Amino acid sequence: MSSIKRAIQVLDLLARKGGLGVRAVAQQLSLPVGSVHRLLIDLGEEGVVERNAEGGWQLSYRLLAITDQQLDGVAFPRLARPFCESIAEKTSETVNVNVLSGEGCVCIDKVRGNENMQLDWRIGARGPLYCGGSAKAILAFLGEADQQRVLEQPMTTFTRYTITDPTELRAELARIRKRGYSIDNQEVVVGVFCVGVPIVDRLGRPVGAISISGPVAKAPGTAIQPQVDLLNEAASTVSKRLGYGGQWPPQQAGERALATSTT
């Protein structure tokens with residue numbers, strides 16, 4: 001039996017029985033005590049299990065965090081779809097819903113507008129966080145450590161408009177946070193413009209974004225505000241349904257926690 005199957009059996013047992021000692025786990029699963037002990041130690045180091053007050057092993061916070069992220073991701077299409085359809089009809093452009101995935105973002109839903117030229121990512125397409133409307137909307141509201149990891153990695157130049165200089169990109173992220181939305185000025189594909197706003201979970205962490213893309217030029221200011229208003233209505237409502245109760249536009253991850261701890 002593989003170690004992965006053993007780990008799943010152990011987790012399933014602890015979920016059903018609660019805290020158990022090493023020998024009890026081994027006995028109920030008919031596994032060697034030594035193997036179970038090593039497995040529990042490894043799972044403990046990953047935060048999946050932990051010892052209780054009696055010295056037994058029980059499930060820990062890591063599984064809740066993983067499940068929480070998965071449920072948030074699954075909820076996006078269902079919650080955002082009505083807004084996407086309405087926005088696409090009003091703007092005649094394509095509306096995309098993206099979810100944060102590692103150090104990139106993935107398109108999980110889209111609604112095409114009435115433009116003859118449909119300029120959008122296919123569902124399932126993955127892109128980096130440093131360019132694109134949805135991607136930068138997510139990156140701008142991540143915590144400093146997460147941003148730094150992205151900025152330290154090599155960045156591909158897709159067009160002459162792609163921002164690959166870390167200093168310039170950090171300044172752009174600050175502007176996005178200040179105004180509450182991002183602008184993609186042909187950074188991924190020449191001729192494609194995009195505006196995006198983040199979706200945040202109950203802790204204020206950016207977990208995705210909604211964006212409008214098309215051939216119509218977009219720039220910060222009054223001309224783009226009607227589209228921003230539509231996106232803000234959609235993103236704030238979806239975020240609230242994910243449990244977010246803070247201000248809108250949201251603060252950068254970490255700033256909200258700091259502000260809460262000092263009040």
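These values consider heavy atoms only, across backbone and side chains, with no hydrogens, waters or symmetry-generated copies. Sequence positions, counted from 1, serve as the residue numbers for this chain. Nothing here was measured: the structure is a model prediction, and the numbers come from that model.
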So, does [X] use its side chain to make a donor-acceptor pair with the main chain of [Y] at under 3.5 Å?
X    : Y    : answer
T91  : I87  : yes
S239 : Y244 : no
S2   : K5   : yes
K218 : V216 : yes
Q147 : A140 : yes

Nearest-0.5 Å distance that lies between atom [atom1] in [X] and atom [atom2] in [Y]:
X    : Y    : atom1 : atom2 : value
D146 : L151 : CG    : CG    : 11.5 Å
E50  : L43  : CD    : CG    : 12.5 Å
R149 : L142 : CZ    : CG    : 9.0 Å
C107 : R126 : SG    : CZ    : 13.0 Å
R241 : I199 : CZ    : CD1   : 11.5 Å
L231 : I212 : CG    : CD1   : 4.0 Å

Q. Does V25 belong to the same Ile/Leu/Val/Met/Phe/Trp/Tyr cluster as I41, with side-chain heavy atoms less than 4.5 Å apart forming each link?
A.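 Linked within one cluster.
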Q) L139, Y161: one ILVMFWY side-chain cluster at the under-4.5 Å cut-off? A)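 No; Y161 is not reachable from L139 via cluster members.
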Hey, does [Y] have a side-chain heavy atom less than 4.5 Å from the side chain of [X]?
X    : Y    : answer
P249 : Y181 : no
I224 : Q227 : yes
T162 : T159 : yes
K110 : V95  : no
V49  : Q58  : no
Q252 : E144 : yes
L11  : L59  : yes
D12  : Q9   : no

Q: Among C105, S213, C84, find the residue that satisfies the side-chain contact (heavy atoms from CB on, under 4.5 Å) test when tested with N96.
A: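 The passing option is S213.
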Tell me, yes or no, whether the heavy-atom count around [X] atom [atom1], taken from other residues, nucleotides or ligands under 6.0 Å, exceeds 12.
X    : atom1 : value
R51  : CZ    : yes
R16  : CZ    : yes
Q148 : CD    : yes

Give the minimum heavy-atom separation between [X] and [Y], together with the two atoms involved.
X    : Y    : value
E168 : R175 : O-NH2, 4.4 Å
L39  : S3   : CD1-O, 4.3 Å
S182 : I176 : CB-CD1, 3.6 Å
I163 : Y130 : O-CD1, 4.0 Å
I210 : S134 : C-OG, 4.1 Å
F141 : P250 : CE2-O, 3.0 Å

**Q.** Residues which pass salt bridge (charged side-chain N to carboxylate O under 4.0 Å, His left out) with E233, listed by chain and number, not counting sequence neighbours
**A.**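 E233 satisfies salt bridge (charged side-chain N to carboxylate O under 4.0 Å, His left out) with no other residue.
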Q. Should H37 and L40 be marked as a side-chain contact (heavy atoms from CB on, under 4.5 Å) after you check the CA-CA gap, both sets of side-chain angles, and the distance that decides it?
A. CA-CA 5 Å; H37 181 259; L40 287 168; 6.0 Å; no
Q: Using a strict 4.0 Å threshold on nitrogen-to-oxygen distance, state whether E89 and R112 make a salt bridge.
A: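 Salt bridge: no.
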(Q) What I want to find out is whether R38 reaches D42 closely enough, with some N-O distance under 4.0 Å, to be called a salt bridge. (A)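 A salt bridge is absent here (no side-chain N lies under 4.0 Å from a carboxylate O).
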Q: Hydrophobic side-chain clustering at under 4.5 Å (ILVMFWY, transitive links): who's grouped with I8? Put none if nobody.
A: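 So far as hydrophobic clustering goes, I8 is joined with I4.
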**Q.** Full working for side-chain contact (heavy atoms from CB on, under 4.5 Å) between K240 and T237
**A.** CA-CA 5 Å; K240 287 177 183 177; T237 302; 5.7 Å; no
Q) L79 and L242: side-chain contact (heavy atoms from CB on, under 4.5 Å), yes or no, with the steps? A) CA-CA 9 Å; L79 295 176; L242 293 179; 3.9 Å; yes
Q: Applying side-chain contact (heavy atoms from CB on, under 4.5 Å), run through V33 and V22 and close with a yes or a no.
A: CA-CA 7 Å; V33 174; V22 174; 3.8 Å; yes
Give every donor-acceptor pair under 3.5 Å between a side-chain atom in residues 184-196 and any protein atom, sequence neighbours left out.
| residue | atom | partner | partner atom | Å |
| --- | --- | --- | --- | --- |
| D184 | OD1 | Q186 | N | 3.3 |
| D184 | OD1 | E187 | N | 2.7 |
| Q186 | OE1 | G191 | N | 2.9 |
| E187 | OE1 | G132 | N | 3.2 |
| E187 | OE1 | K136 | NZ | 3.4 |
| E187 | OE2 | K136 | NZ | 2.5 |

